[in-house]
*Asks:* 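Below are the structure tokens for one structure; questions will follow.
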2 protein chains.
Amino acid sequence: MQSKKKKEALVQFGKRLSYLRKAKKLSFRQLAVLCDVDYSNIKKFEKGEKNITIATLMELAIGLGVHPKELLNFPDDFLHRD
Amino acid sequence: MQSKKKKEALVQFGKRLSYLRKAKKLSFRQLAVLCDVDYSNIKKFEKGEKNITIATLMELAIGLGVHPKELLNFPDDFLHRD
DNA sequence: GAAAGTGTGGTTTAATAAAACCACGGTATC
DNA sequence: GATACCGTGGTTTTATTAAACCACACTTTC
């Protein structure tokens, strides 16, 4: 993937994660406990700094109590081929 | 994540990928060209042998012409906390 | 039977995600 | 001001993904 689009995709994912976490009124540390993911990394996910694996995505979805696909439920306009 | 659930999640993902690829009547090699992903790895994804990153998931979604969340659109019963 | 396409499975390298840490400054709450 | 929680950002190690190859057996088509 072109690195620009990859970056954009990760940022979009991060926004969804951030939105869902805030909707549940969870702090980074609180979500970390629910997810079994180290708290210091969740912000990195939300900023799009990490290209996470789907296993970790599943962890986050479980902790948030949402279906995994919700974390990818963002506008995809930027993804289309040129 | 417990390794059993992780494995199950990856297998579920693989099934979605396999279903969508066949629905488009694409061979591994044909999809590989569309995705810019090496053909020899797509079957590994479909078998749940790889814990792929979301960047690669995006690649596959673009190649298949579906929204990324479609690749995670599987039953999630097995994901619930005990 | 030669050529082309296919599924399958193995290997190797470099890049990087996962995971676990830590430390700092800020903000409440007592 | 002590305690507790928070966001932030950095580091390090290990595991593994990504990516690129290859070879083989099987079909199908010419």
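Chain letters run A, B, ... following the sequence lines, proteins first and then strands; every chain starts at 1. Since this is a predicted model, take the numbers as computed values, not measurements.
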*Asks:* Assign each of B/I52 and B/Y39 to its nearest nucleotide of DNA chain D by heavy atoms, then name whichever residue's nucleotide is nearer the 5' end.
*Replies:* B/I52

*Asks:* Rounding to an integer number of Å, can you tell me how far B/L60 CG sits from D/dA18 P?
*Replies:* 9 Å

*Asks:* Taking A/N51 for the side chain and B/T53 for the main chain, is one N or O donor matched with an acceptor at less than 3.5 Å?
*Replies:* no

*Asks:* Using the six-membered ring of B/Y39, assess whether NZ or CZ of B/R29 lies under 6.0 Å from its centre and within 45 degrees of the ring axis.
*Replies:* yes

*Asks:* Quick one: B/I54 CD1 to D/dT16 P, roughly how many Å, whole number?
*Replies:* 20 Å

*Asks:* Between A/Q30 and D/dC5, is there a contact of a side-chain N or O with OP1 or OP2 at under 4.0 Å?
*Replies:* no

*Asks:* To the nearest Å, give me how far apart CD1 (A/I42) and P (C/dA18) are.
*Replies:* 12 Å

*Asks:* Check whether any side-chain N or O of A/K47 sits under 4.0 Å from OP1 or OP2 of D/dT8, and answer yes or no.
*Replies:* no

*Asks:* Just by distance, do the side chain of B/H67 and the backbone of B/A61 share a donor-acceptor pair under 3.5 Å?
*Replies:* no

*Asks:* Report yes or no: does A/R16 contribute a side-chain atom to a donor-acceptor pair with the main-chain N or O of A/F74 at less than 3.5 Å?
*Replies:* no

*Asks:* Hey, does the side chain of B/K44 come within less than 4.0 Å of C/dG9's phosphate (OP1/OP2), counting only N and O?
*Replies:* no

*Asks:* By the 4.0 Å heavy-atom rule, please label A/N51 as base, sugar-phosphate, or nothing.
*Replies:* sugar-phosphate

*Asks:* Of the nucleotides C/dT8, C/dA20, D/dA20, which has the atom closest to the B/K43 side chain?
*Replies:* C/dT8

*Asks:* Can you tell me the distance, in whole Å, between the CG atom of B/N41 and the P atom of C/dG7?
*Replies:* 14 Å

*Asks:* When you measure from the side chain of A/K69 to the backbone N and O of B/N73, does any donor-acceptor pair fall under 3.5 Å?
*Replies:* no

*Asks:* Answer with base, sugar-phosphate or nothing: what part of the nucleic acid does B/F45 contact at a heavy-atom distance below 4.0 Å?
*Replies:* sugar-phosphate

*Asks:* Between C/dA17 atom P and A/L57 atom CG, what is the distance in whole Å?
*Replies:* 14 Å

*Asks:* Give the rounded distance in Å between these two atoms: NZ of B/K22 and C1' of C/dT6.
*Replies:* 13 Å

*Asks:* So which one's nearest nucleotide on DNA chain D is more toward 5', B/K50 or A/R29?
*Replies:* A/R29

*Asks:* At less than 4.0 Å, is any side-chain N or O atom of A/T53 found next to OP1 or OP2 of C/dA17? Yes or no.
*Replies:* no

*Asks:* Output the rounded distance in Å from CG (A/D38) to P (C/dA17).
*Replies:* 16 Å

*Asks:* Quickly work out the B/L31 CG to C/dG7 C1' distance and round it to whole Å.
*Replies:* 14 Å

*Asks:* From C/dT6, D/dG10, D/dC21, pick the nucleotide closest to the side chain of A/S40?
*Replies:* D/dG10

*Asks:* Output the single nucleotide from D/dA18, D/dA20, C/dA18 whose closest atom is nearest the side chain of B/T56.
*Replies:* D/dA18

